[in-house]
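Reviewing the structure listed below.
Since we're looking at a predicted model, the values are computed, not measured. Within every chain, numbering begins at 1; the chains are lettered A, B, ... in the order of the sequence lines, protein sequences first and strands thereafter. Every heavy atom of this structure was used, including side-chain atoms; hydrogens, water molecules and symmetry mates were not.
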Protein chains: 2
Amino acid sequence: MASLTSLKTQERLLDRQAANSIRQQIVNRTMPPGHRLLEAVLASELEVSRGTIRSALMQLSNEGLVRQVAFTKWEVAPASISEAWELYTLRAALEGLAASLAAEYASDAERETLMTVFRELEAAAKAGQREAAADADFKLHKTMVTMSGHKRLIREHERIILQVRFQMTHIGFAPRDTKDLIADHRLLTEAVVNGDAERAEQLARSHNDAEVKRLLAANARQADGVPHQHKREKDNG
Amino acid sequence: MASLTSLKTQERLLDRQAANSIRQQIVNRTMPPGHRLLEAVLASELEVSRGTIRSALMQLSNEGLVRQVAFTKWEVAPASISEAWELYTLRAALEGLAASLAAEYASDAERETLMTVFRELEAAAKAGQREAAADADFKLHKTMVTMSGHKRLIREHERIILQVRFQMTHIGFAPRDTKDLIADHRLLTEAVVNGDAERAEQLARSHNDAEVKRLLAANARQADGVPHQHKREKDNG
DNA sequence: CTATTGACGATTGTCGACTATCTTTCTATC
DNA sequence: GATAGAAAGATAGTCGACAATCGTCAATAG
């Protein structure tokens, strides 16, 4: 008999489906950064009411893909080096924690899964399949984070990765050279599989920090936005 | 002249205000974990429509204070040691990053502010004012995170802290002994103020990790929920 | 007496209409 | 011609009513 899966899921709700649909358009580059989102237009396109769209846009706003200007407009979030900088630094911290927890607590079956996913990445990279390699890369990280068994961490990581992909495609930040990439991931995978929490954490962090460095280098070149700025407004007396 | 602040803020929106109001009730312990939230009741109490309440509940759900069971009910999030464990581990990772960034990038004025806040904590703790000390404690951490200039980090940290306070009051997890607390914070503050990023990060992390250890000890005692469990459902063939 | 089915009441989900706010455009005044 | 103010158009915000779904409990069959 086919084992069934619960239908009592949030995904049944119309606003979730609407959010999924719009999210897809955003990460697909169909809707670029800054693109204006009109509630009425989306409502008629997706054939739901404006209230439903509103709810969907709020979700996307929470995910960092959409921005709201109260009483005025919704638009696709901006893409810039400084946004990407935030995402990579956060990602380094989160994946560091995840790697440590995964190394410490994951089951044997999970460790094997991780190894398998790494081999997929390796195969794709060696075959020169850039897209497949990129997907396998994300999958590897996601697998590791899932292995942490930390619900909030998993959820937050998923959001960050979504934004990373969005920013990457728009600021033209490509993955590194294939060799480094495989080497990095091999070490990380081994550390997690072998249960070396400290080393796994260190590797996960340095792996992402390397990306931050590349990003800052790119930033210096194109002099876009400075990644770190203190433009906080002063309190009033 | 009094310097004015933009009125074009999200806070004007009714759903935000409703969320604020309900959030208050939750962290106040007026609404305990598991407490059922009826849209209609909240709507009549706050004198807004059910749609507005719905939007507010979704925000709180994103903040981790409320849970939704689709088509069925809303309720206040559960409190348990395993939830607290998630929060403290995440907090350690986030504040580690924040401490590092603050040490590296903060302005002189900000460093002085941090020092001032630390002195407030010290004074309150020495005077034995537990509540004031706890508030000053949170304020110190918040200040440090703000100094990082990392918008996403600041936002996420705020959410985590909110949940920490909620969980703390319900699982009866009190702050440590005053002396350790002051010593920890003095070292951390100094590291940040002196721009020693590596040490600041290390201290921020170990400070929170110590709480995790205390939590696990408490857990062993009351044998509540194991903080880490892999109760993931297997995929179907 | 127990288990299954169907009906009912309670609650959440969705919608279309109305209201409030913002931005733009037009007009009058200097 | 430039500027300030008023009117108009566009868009987001809020609401009340209706639809869909859920959990409960009674009725029925075995």
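With values rounded to the nearest 0.5 angstrom, K151(B) atom NZ is found 14.0 Å from T146(B) atom OG1. For the atom pair CD1 of I53(B) and CG of L38(B), the computed distance is 11.0 Å after rounding to the nearest 0.5 Å.
Classified by interplanar angle (parallel below 30°, tilted 30° to 60°, perpendicular above 60°), the ring pair Y105(B)/W85(A) is perpendicular.
The separation between D15(A) atom CG and dT12(C) atom C1' is 12 Å, rounded to whole Å. In this structure, I53(A) atom CD1 and dC15(C) atom P are separated by 9 Å, rounded to whole Å. Taking atom CH2 of residue W74(B) and atom C1' of nucleotide dT12(C), one finds them 9 Å apart after rounding to whole Å. Computed from coordinates, the R16(A) CZ to dT14(C) C1' distance equals 16 Å when rounded to whole Å. Whole-Å rounding puts the E47(B) CD to dG16(D) P distance at 11 Å. Computed from coordinates, the L42(B) CG to dT11(C) C1' distance equals 13 Å when rounded to whole Å. Residue E39(B) contributes atom CD, which lies 12 Å from atom C1' of dA10(C) at whole-angstrom precision. Residue K73(A) contributes atom NZ, which lies 13 Å from atom C1' of dA12(D) at whole-angstrom precision.
Judged by closest nucleotide on DNA chain C, L14(A) is the one of R50(A) and L14(A) placed further toward the 5' end. If you find the closest nucleotide of DNA chain D to A40(A) and to T52(B), the one lying nearer the 5' end belongs to A40(A).
Using a 4.0 Å heavy-atom cutoff across all strands shown, V48(B) reaches sugar-phosphate atoms only and no base atom. Among the protein residues, R12(A) comes within range of the sugar-phosphate backbone only, with heavy atoms under 4.0 Å from sugar or phosphate atoms but none that close to a base.
Salt-bridge check for R50(B) with E39(B): passed, with a basic side-chain N closer than 4.0 Å to an acidic carboxylate O. Comment: R91(A) does not engage E211(A) in a salt bridge, judged by the lack of any side-chain N to carboxylate O separation of less than 4.0 angstrom. Salt-bridge formation is not detected for the pair K142(B)/E95(B): no Lys NZ or Arg NE/NH1/NH2 atom is positioned less than 4.0 Å from an Asp or Glu carboxylate oxygen.
Here T72(A) does not reach the OP1 or OP2 of dT11(D): none of its side-chain N or O atoms lies under 4.0 Å away.
Around atom CZ of R165(B), more than 12 heavy atoms belonging to other residues, nucleotides or ligands sit under 6.0 Å away.
Listed nucleotides dT21(C), dT14(D), dT14(C) differ in distance to S49(B); the shortest reach to its side chain belongs to dT14(D).
A heavy atom closer than 4.0 Å to some atom of DNA chain C occurs in Q68(B), these being the qualifying members of residues 55-68 of chain B. A heavy atom closer than 4.0 Å to some atom of DNA chain C occurs in R36(B), L37(B), these being the qualifying members of residues 30-37 of chain B.
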* Take R152(B) and E86(A), measure what salt bridge (charged side-chain N to carboxylate O under 4.0 Å, His left out) needs, and give me the verdict at the end. => CA-CA 7 Å; R152(B) 286 174 176 81; E86(A) 286 202 5; 3.0 Å; yes
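With a 4.5 Å cut-off on side-chain heavy atoms, R36(A) and M31(A) do not count as touching.
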